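Computed from a prediction, not measured in an experiment: that's the story for all the values here. To find a chain, count down the sequence lines: A is the first, B the second, and so on, and within it residues start at 1.
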There are 2 protein chains.
Amino acid sequence: MPETTPPQPTTQITAQHRELLDQVLDKWSLQVLDRLCESPSRFNELRRAIPVITQKSLTATLRRLERNGMVDRVVVNTRPLAVEYRISALGKTLQDLIDALLGWTTATMPEVERARERFDEHA
Amino acid sequence: MPETTPPQPTTQITAQHRELLDQVLDKWSLQVLDRLCESPSRFNELRRAIPVITQKSLTATLRRLERNGMVDRVVVNTRPLAVEYRISALGKTLQDLIDALLGWTTATMPEVERARERFDEHA
DNA sequence: CGGTATCCCTTCTGATACTG
DNA sequence: CAGTATCAGAAGGGATACCG
């Protein structure tokens, strides 16, 4: 019996998949999600927690994450105006993946370093 | 007994982690790794398999993946000159993660779409 | 075949200043 | 407090031409 269709679970990488990953695994999102997983935070709390981020980038990151349903933006009250950001249920599922990614980088970093040295010294 | 150190498995996100993820989960790497997981491929085979990629980007992607130990570059012979790219053992561990990422995007895409619609129509 | 080198243009990022 | 607006510099990616 010939196997015409091999049992690959080959998940097709469409532009949609790429776009979502880009919007959600970018430079700042990991840090922001990590913070929000520990506790809901205010805008300036996040700024202080991630000192190198600029206002602009933080705003952009939060809007993007909010738009994709990863965080909830809650306007707590007015005078002077307080906004709280919370991780959503969807965002928590993402956090599990991020943990897996970070676990992978931690585990493979030594071997990656060796590969880089081999590559660089040979070139 | 006070818990001075909470039991968070909070993996710290260092610049090193970010850099590695950036180099390995970028726009083209997922496609390239996916192809190489199915079978070793020559340079122009990859170009044909990923039609929208340019020579420049494919070269850069392959060099980066090779430098990080994710793929092996094998010069098969000379005249006219053949080069084969293969996924490495390290690259295979990455592929598992990529599959998890793609599975996540597939699973959550519907809810993400709904979140986007809510966000966009409300704005 | 399997690249490298160059130009160019768009995108991303950061710094700074201002607002409800 | 929680942003928006504007601008300049750096970086990324495509198109084209050429090389071992």
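Atom CG in B:Leu81 sits roughly 11 Å away from atom P in C:dT4 (whole-Å rounding). Whole-Å rounding puts the A:Leu58 CG to D:dA2 C1' distance at 10 Å. Here C:dG2 presents its P atom at 14 Å from CD of B:Glu66, a figure rounded to the nearest Å. Between the CG atom of A:Leu62 and the C1' atom of D:dG3 there is a distance of 11 Å, given to the nearest Å. At whole-Å resolution of the value, CZ in B:Phe43 and P in C:dG2 are 8 Å apart. Across the protein-nucleic acid pair, B:Glu45 atom CD and C:dG3 atom P stand 13 Å apart, rounded to whole Å. Rounded to whole Å, atom P of D:dA2 lies 4 Å from atom CZ of A:Arg42. Atom NZ in B:Lys56 sits about 17 Å away from atom C1' in C:dG2, given to the nearest Å.
Dashed line: the shortest gap from a side-chain N or O of B:Ser57 to OP1 or OP2 of D:dG14 is under 4.0 Å. Dashed line: the shortest gap from a side-chain N or O of B:Arg63 to OP1 or OP2 of C:dG3 is under 4.0 Å. Look at B:Arg64 and you won't find any side-chain N or O under 4.0 angstrom from OP1 or OP2 of D:dG12. The shortest distance between the side-chain N/O atoms of A:Tyr85 and the OP1/OP2 oxygens of D:dC1 is not below 4.0 Å.
A:Ser29 and A:Asp26 share a side-chain donor-acceptor pair at under 3.5 Å.
With rounding to the nearest 0.5 angstrom, the CG atom of A:Leu102 is 6.0 Å from the NE2 atom of B:His17.
Across C:dC1, D:dA15, D:dG3, the shortest atom-to-atom separation from the side chain of A:Gln55 is found for D:dG3. Side-chain proximity of A:Thr59 to D:dT4, D:dA2, C:dG2: nearest is D:dT4.
A:Lys27 comes within 4.0 angstrom of sugar-phosphate atoms only, judged by non-hydrogen atoms across all strands, and of no base. Within the nucleic acid shown, A:Arg47 has no heavy atom closer than 4.0 Å to any nucleic acid atom.
Across every non-hydrogen atom of B:Met70 and A:Trp104, the tightest pair is CE-CH2, 3.7 Å. Closest approach of A:Tyr85 and A:Arg73 over heavy atoms only: OH-NE, 3.3 Å.
The 5' end of DNA chain C is approached more closely, in terms of each residue's nearest nucleotide, by B:Arg48 than by the other of A:Trp28 and B:Arg48.
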Report task. For B:Asp22 and B:Arg18, run salt bridge (charged side-chain N to carboxylate O under 4.0 Å, His left out): C-alpha distance rounded to whole Å, both residues' side-chain angles, the deciding distance at 0.1 Å, then the answer. Result -> CA-CA 6 Å; B:Asp22 281 342; B:Arg18 259 265 47 106; 2.7 Å; yes
